[in-house]
Amino acid sequence: MPQNKKRSCCSSFFLEKRCSVSGYDFKKIEDKWQKSWEESQPFSVDKNPKNPFYVLEMFPYPSGVLHVGHVRNYVLGDVLARFKKAQGFDVLHPMGWDAFGLPAENAAITHNTHPRTWTHANIQHMRKQFKRLGLGYDWSREFATCDESYFMHEQEMFIRFWKENLLVRKEGVVNWDPIDQTILANEQIENGRGWRSGALIEKKKMRQWFVRQSDFAEELLASIKDLDEWPAAVRTMQENWIGYSEGAIVRFSVKDRDSLEVFSTRPETLYGATFCAVSVEHPLAEEAASTHKDVADFITHTRAHPFDEQSDQATQEGVKLSFEACHPLTKELLPIYVVNYVLSDYGTGAIFACPAHDERDFAFAKRYNERIQQVIAPAQGEWSGEEALVVPRDDIGGTLIHSKELNGLSCASAFERVTETLIKQGLGAKQERYRLRDWCVSRQRYWGTPIPMILCDDCGEVPVPVEDLPVSLPQDIVFDGQGNPLDKHPTWKHVSCPQCAKPAVRDTDTLDTFFESCWYYLRFISQPKDRCFDPKEVEQFLPIDWYIGGVEHAVMHLLYVRLFMIMLVRAGYLKPIKTPIKRLLTQGMICHRTYRTKDKEWVEPKDVKKQADGTWALKDGTPVTEGASEKMSKSKKNVVDPDSIMEAYGVDALRMFVVSDAPPERHFDWSDTGLHGSWRFAKKLYAMMDEWRDDLTAEQPKQEMTQEFLVLMHKTIAAVTDDLEAMRLHLAIAHIRALFNAVTQSAAAGCMQNLWHGWRALLLLLDPFMPHLSAELREQCSVESSWPSYNKNYLVADMVTVAVQVNGKMRGTVEVALNAAEQDVLQEAQNIIARTIGNQPVRKVIFVMNRIVNVIV
RNA sequence: GCGGGUGUGGUGGAAUUGGUAGACACACUAGACUUAGGAUCUAGCGGCGGUUACGCCAUGGGGGUUCAAGUCCCUCCACCCGCACCA
């Protein structure tokens, strides 16, 4: 079990040494304050908040192992939550567990434990680690999605969604993962392989539950405009995923058969159509296969070896069918092929091919000697005919030719004209299409929310009566890794139909775990026993003010959350809302240097030391080469273990380090020396308290701060406040450190009034980052927790530095009074100017008050 | 290929949005204190030249606008991320 794992011994010399030097006993301080927070629960939030503020980090899967990526993610959120709380907001900052999913079940298979036992043990361990990190959560709201008290409400939602016709059970070609023995959503496949198992995905037909996601494509696309505080990258990823395109349906008649419907985004090239092509799933292809062996063989072959554009050998292939399509405008008869490069689940699964203006059709036509008919003339020059001439529709250059009534038109006008014609003659229609497909939510797995439906031979799909909820997971289950455990359970699925009372069976599938993560943020706000949430309470805290998590959830999770909100509104759970998530922060991953020996063996960075000649070697002298900084992974041996870091340097140093140096959304380079620097900073703070204890704990000094220091202090408070507001935590830290340096200098210079005030501001600014040390030091000099305020009047000194330029080149600076006039500044700068220009006449002077004076000669 | 992003010292990264490039750190160098330093303190730290004063060059490359460009415009290059038979 992961929680029994041995603490890795810290062979890095930094890790070995730290305790011996310094009175900064972080362990004692951390234990003291964590115990205090445990008792006082400072992060619980009022039921009737006056200034609600919702900070949420994507909840973790309880794998049982905390890694530094988690640390960064949750510290980011915690810094923000503590900051907003100090500002007086009623901050909701909850934590829970995304506890259903395959790893628990896989662990059950390999370790012979029950998924529930495994999951709960992991949660236990991770909760301890989270508390150790000093993360300020309202633990009273904690839940795991595998709790029956959570998923029972999800089952009720499922039934209500079904009644609202938001769900459908249908057969479709699904992706079968032969290792995990389950189907996967399209989004869960990467390059043809399962996202978890890496197995090659097979196609299989099954009856599944789908969320009618495609019905909401338009709404999901349009509402992206409301996500103006989301990263641009996430918005475009969602846009691409939804994949809008505008085109037309065109009907080609086929003798003695239903007409062949094709979808085209370029109907204006219809006169350039020289053949039609259908996918291997198309009815015409299937019919042909029953009588023609070559067609059947081609279909079988293509299913086994689908067209993959990425591969170098990808070639467009096909077999001519015995049918012919009648061109709707020219009435010409065109051959029909079944081909490998047409998708069955996009458009109508059939196209008209215009080889002159489409690369794929062009390649196919060349290979099978089909006619190539140019219908668009390029803006300049002639088409060589060596490769397809692809002209975007918005290109004003292209002009239609060889296209009868369309000749001379631009593509855009031709598009309008040809669709009008098709509509008039009943041969087609304009159509908008989306790539977005329905979301398959059935999983052939045990460890998930049971789908609360009963399948009756007579009545069809019948929901489990609400009073019979929850549908619980049976405990006595066999995990042998084969098939669906629920389906194989001897009794569980057998029930009588709630409608006709005849024997029936439960749906033995469980829900995709993305279902749970679609509404957990609502349950955090409000968790009544008898229903999913109280809409009034929920609406108080929505939308989430800041949502923090990994960019890998840009499409799936974050799109499903938006979809789910639309469904909740449709089903009457909530009032409409623009977006459930106001601001999104996608944090970058943590990287670490990699090292390899000359045998290409990865070695751990902590075992490597730089030699005098600048090369790297192991302690025994074995030379190693330094590689790039890469995402931490076990195989590359560049992971660091948060437990040993906390042990050696303390939580506050770790917390501060993971948010310093790099902007949160960018990747972060781990370095032992960087961590060491944060620890040194903590230690210096502690030492400062020791050294100046009498002055720091004394009454407020009578003397005023120096002007320079006063301005710096207020500027720092203003800057850190703005930085935190915008989640530029690395800059906040830079500003805090600058103030600390000034405080140190003031102390050394004997300016006790600067020290006294600056120290207090410092502790408050530092509190979100190093909460334990800050609390300890604040207690020692009686400083209450609150966010420091600044006075705008103090943000500018009464003297400013003005840059002096000659012909736009910097020649020096002068100190002048704030808002000094041009003449006074020139007066002050005359030496610098004279030195540079000699006695050349001045042609022009550019003066920007408090900034710059530029003399042109 | 399409879309998004990034490019600044030895390194991570700043720069009031057109106005003193390199804040804050890390690394490094020298010195101090030390039995010791991997602790701590002090100083230095973009490059070239000069004893200094100072000068020249520098924000991926090239061009432009401007009194003034890391920032605006044009163009080229490199890297990263996402999507990619979507008709």
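Just so you know, these numbers come straight off a predicted model, no measurement behind them.
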Pair Tyr790(A) + His714(A): ring centers closer than 6.0 Å:
no
Ring centre gap for Tyr649(A) and Phe26(A) strictly below 6.0 Å:
no
With a 4.5 Å cut-off on side-chain heavy atoms, are Cys354(A) and Tyr271(A) touching?
no
Per-nucleotide protein contact string for nucleotides 50-58 of chain B (B base, S sugar-phosphate only, - none; heavy atom under 4.0 Å):
-----SSS-
On the nucleotide A27(B), are OP1 or OP2 found under 4.0 Å from the side-chain N or O atoms that Ser671(A) carries?
no
For atom CD of Glu239(A), decide whether the heavy atoms of other residues, nucleotides or ligands shown that lie under 6.0 angstrom number more than 12.
yes
Nearest 0.5 angstrom please: Thr265(A) OG1 to Glu432(A) CD, how far?
13.0 Å
Between OH of Tyr434(A) and P of C83(B) the distance, given in whole Å, is 21 Å
Ring centers of Tyr24(A), Trp679(A) separated by less than 6.0 Å:
no
Stems for RNA chain B (at least 3 consecutive Watson-Crick or G-U pairs, under 3.5 Å) come to B:1-7 with B:77-83, B:10-12 with B:24-26, B:28-32 with B:40-44, B:46-49 with B:54-57, B:60-64 with B:72-76
Distance under 6.0 Å and angle within 45° of ring axis: Arg266(A) vs Phe415(A)
no
Round to a whole Å and report the spacing from CG of Asn807(A) to C1' of A68(B).
11 Å
Atom C1', compared across C2(B) and U11(B): separation rounded to whole Å:
34 Å
In short, side-chain hydrogen bond (donor to acceptor under 3.5 Å, both in side chains) pairs touching residues 654-663 of chain A with sequence neighbours left out are Asp78(A)-Arg655(A)
Protein-nucleotides 42-46 of chain B N/O pairs under 3.5 Å:
none

Distance in angstrom units between Leu729(A) CG and C24(B) C1', rounded
14 Å
Per-nucleotide protein contact along nucleotides 10-19 of chain B, 5' to 3', at a 4.0 Å heavy-atom cut-off (B base, S sugar-phosphate only, - neither), is --BSSSB--B
What residues, two or more places apart in sequence or in another chain, satisfy salt bridge (Lys or Arg N to Asp or Glu O under 4.0 Å) together with Glu828(A)?
none
Kindly compute the distance separating CD1 (Ile717(A)) from CG (Leu739(A)), expressed to the nearest 0.5 Å.
7.5 Å
Without hydrogens or angle criteria, can the side chains of Trp670(A) and Asp672(A) be said to hold a donor-acceptor pair below 3.5 Å?
yes
Spacing of the P atoms in C45(B) and C54(B) (rounded, Å)
14 Å
Please measure how far the C1' atom in A21(B) lies from the corresponding atom in C57(B), and state the result in whole Å.
14 Å
For residues Phe709(A) and Ser746(A), determine if any side-chain heavy atom of one lies less than 4.5 Å from a side-chain heavy atom of the other.
yes
Can you tell whether the side chains of Arg303(A) and Glu281(A) come within less than 4.0 Å, N to carboxylate O?
yes
Counting the atoms with a prime plus P, OP1 and OP2 as sugar-phosphate, which does Arg737(A) contact under 4.0 Å by heavy atoms, base, sugar-phosphate, or nothing?
sugar-phosphate
Arg435(A) to Tyr346(A), cation-pi by 6.0 Å centre distance and 45° axis angle:
no
Please confirm whether the shortest side-chain N or O distance from Tyr346(A) to OP1 or OP2 of C85(B) is below 4.0 Å.
no
Distance, P atom - from C48(B) to A58(B), rounded to whole angstrom:
15 Å
Mind checking the P distance from G82(B) to G47(B)? Whole angstroms is fine.
37 Å
Side-chain H-bond candidate by donor/acceptor type, Tyr368(A) with Glu317(A), under 3.5 Å:
no
Of the listed nucleotides (A87(B), C85(B), C26(B)), which one gets closest to any side-chain atom of Phe263(A)?
A87(B)
When you compare U65(B) with A14(B), how far apart are their C1' atoms, in angstrom units rounded to a whole number?
27 Å
Distance between C1' atoms of U71(B) and U59(B) (Å, rounded):
10 Å
Which sits closer to the 5' end of RNA chain B, Ala803(A) or Ala738(A), going by the nucleotide each is nearest to?
Ala803(A)
Starting the side chain at C-beta, find the nucleotide from C85(B), C67(B), G4(B) nearest to Tyr341(A).
C85(B)
To the nearest angstrom, how far is Asp358(A) atom CG from C86(B) atom P?
8 Å
Given the C1' atoms of G46(B) and G70(B), what is the spacing between them in whole Å?
15 Å
